[in-house]
There are 2 protein chains.
Amino acid sequence: MESIGKWISTIHRYAHMYFAQESEGLGICGGQFMFLKFLYHQDGVSQEYISKQLLIDKGTTARAIQNLEKLGYVIRKKSQTDRRQNVVFLTEKAHGIKAEVMDKFSRWTEILTKDFSQEETEIILQLLHKMAHNAMEHIQQKENCNR
Amino acid sequence: MESIGKWISTIHRYAHMYFAQESEGLGICGGQFMFLKFLYHQDGVSQEYISKQLLIDKGTTARAIQNLEKLGYVIRKKSQTDRRQNVVFLTEKAHGIKAEVMDKFSRWTEILTKDFSQEETEIILQLLHKMAHNAMEHIQQKENCNR
DNA sequence: AAAAAATAGTTGCATAGGCAACTTTTCATT
DNA sequence: AATGAAAAGTTGCCTATGCAACTATTTTTT
């Protein structure tokens, strides 16, 4: 069977390069983009919640959010109801670049799905989702990791 | 448009975890697997060639192959016809674990495509290939990188 | 043939990201 | 209420990977 994995990792590495290039003007590093995107969709949430939603290690999240805070894109407040939690909010500065950031995401999707029919785009999305789910189930069944 | 990129990167990260787990007995790190797999298919080639085929930075290849050599899975010989080149060969030790290594790749593909029809598996492979191609074209058109 | 350009590899530096150990706080059990 | 377990964050350590600068060789130009 030919390798799905090879293409996944290739696409992932190119995405990495794309966001690294695109981030230059903003001071943000490529890896922070997805956190920003997530927060545009929903802020005022804990880091743990972000990690779970993005399926990312909480240590990685901690560092990414720290970085965004240092750059002035988010602020963190200790939750009043649970003082273990940091509640993360976007700043004005972050809202100011929302259109630009979201645009880079749509453009990347457009690049990937260039010459795809509407149907193909839907199928790929659905099958990727299914594969991610299969991968997750397999990994989490072996060891209960904190994600 | 919902994010293809998110699923790609999620699957990639899980693949990473899978190969990290599976590599434990062999002394190899997860990242070296794909180089081994490539060499089973074709050895006696230069690092540059490997990089180009795998679409991987040549620095990364240099380090991975160094590591495989240190572990006794490959040896490098200076090419007689072009003394810039290292020609990479698998050792007996590497051939001895071929079945095991190849098996881990098939199993990962099986895990990802669990409950996929034959047709779905073919479609996903074809569309991933197409997306990788689109990504590559876009990146390489901007800057001529050494891959 | 000499100079310039291209190629193959190596290495330093940077980011991304996982894992595990640790701290602080909260929750559950007794 | 006290003790133990769980949860949220932080941080150190490790690997993977890209990029750029560098060396050594080969190829191309002049």
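No hydrogens, no waters, no symmetry mates; every other heavy atom, side chains included, goes into these values. In what follows, chains carry the letters A, B, and so on, assigned in the order in which the sequence lines appear, proteins first and then strands, with residues in each chain numbered from 1. Since the model is a prediction, treat every value here as computed from it, not as a measurement.
When the P atom of D/dT17 is taken as reference, atom OH of A/Y14 falls 13 Å away, rounded to whole Å. Across the protein-nucleic acid pair, B/I8 atom CD1 and C/dA16 atom C1' stand 18 Å apart, rounded to whole Å. Separating the CD atom of A/Q66 from the C1' atom of D/dA8 is a distance of 13 Å, rounded to the nearest angstrom. As a whole-Å value, the separation of B/R63 CZ from C/dA14 P is 13 Å. Between B/L55 atom CG and D/dG18 atom P the separation is 10 Å, expressed in whole Å. The distance from atom CE of A/M17 to atom P of D/dA16 is 17 Å, rounded to the nearest whole Å. To the nearest angstrom, P of D/dG18 lies 14 Å from CE of B/M136. Between the CE atom of B/M34 and the C1' atom of D/dA16 there is a distance of 9 Å, rounded to whole Å.
Both A/T81 and A/G30 lie near DNA chain C, and the one whose nearest nucleotide falls closer to the 5' end is A/G30.
A perpendicular orientation is assigned to the rings of B/F19 and B/W108, their planes being inclined by more than 60° (bins at 30° and 60°).
No hydrogens or angles were tested; on distance alone, nothing pairs the side chain of A/R83 with the base of D/dG9 as donor and acceptor under 3.5 Å.
Defined by atom type and a distance below 3.5 Å, a donor-acceptor pair is missing between the side-chain atoms of A/R83 and A/S79.
Among C/dC19, C/dA16, D/dG18, the nucleotide with an atom closest to any side-chain atom of A/R13 is D/dG18.
Residues from residues 68-80 of chain B that place a heavy atom under 4.0 Å from any atom of DNA chain C, listed by number: B/R76.
Note on B/Q32: a side-chain N or O is less than 4.0 Å away from OP1 or OP2 of D/dA16. Distances shown here put a side-chain N or O of A/T60 below 4.0 Å from the OP1 or OP2 atom of C/dG18.
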| note | Once base and sugar-phosphate atoms are separated, protein heavy atoms under 4.0 Å mark nucleotides 3-8 of chain C, 5' to 3', with B, S and - as ---BBB
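Here the side chains of A/K37 and A/M102 are in contact, with some heavy-atom distance below 4.5 Å. Put simply, the side chain of B/T61 reaches to within 4.5 Å of the side chain of B/I65, judged on heavy atoms. Inter-residue side-chain proximity for B/H138 and A/R107 is flagged as met; some heavy-atom pair is nearer than 4.5 Å. Using a 4.5 Å heavy-atom cutoff, the side chains of B/H133 and B/E137 are in contact.
Using a cutoff of 4.0 Å between basic side-chain nitrogens and carboxylate oxygens, A/R84 and A/E48 are not scored as salt-bridged.
B/F35 is linked by a ring pair (Phe, Tyr, Trp, His ring centres under 6.0 Å) to nothing, counting only residues two or more places apart in sequence or in another chain. A search for side chain to side chain donor-acceptor pair (under 3.5 Å) contacts involving B/E122 returns B/Q118, not counting sequence neighbours.
Taking the six-membered ring wherever Trp is involved, the centroid distance between the rings of A/F38 and A/F33 does not fall below 6.0 Å.
Within 4.0 Å (heavy atoms only), A/G31 reaches sugar-phosphate atoms of the nucleic acid but no base atom.
In the helix from C/dA1-D/dT30 to C/dT30-D/dA1, the rotation axis of the first five pairs and that of the last five pairs differ in direction by 20°, rounded to 10 degrees.
Here the straight-line distance linking atom CD of B/E110 with atom CD1 of A/I4 works out to 11.0 Å at 0.5 Å rounding.
Applying the ring pair (Phe, Tyr, Trp, His ring centres under 6.0 Å) definition to pairs two or more places apart or across chains, none involves residues 40-90 of chain B.
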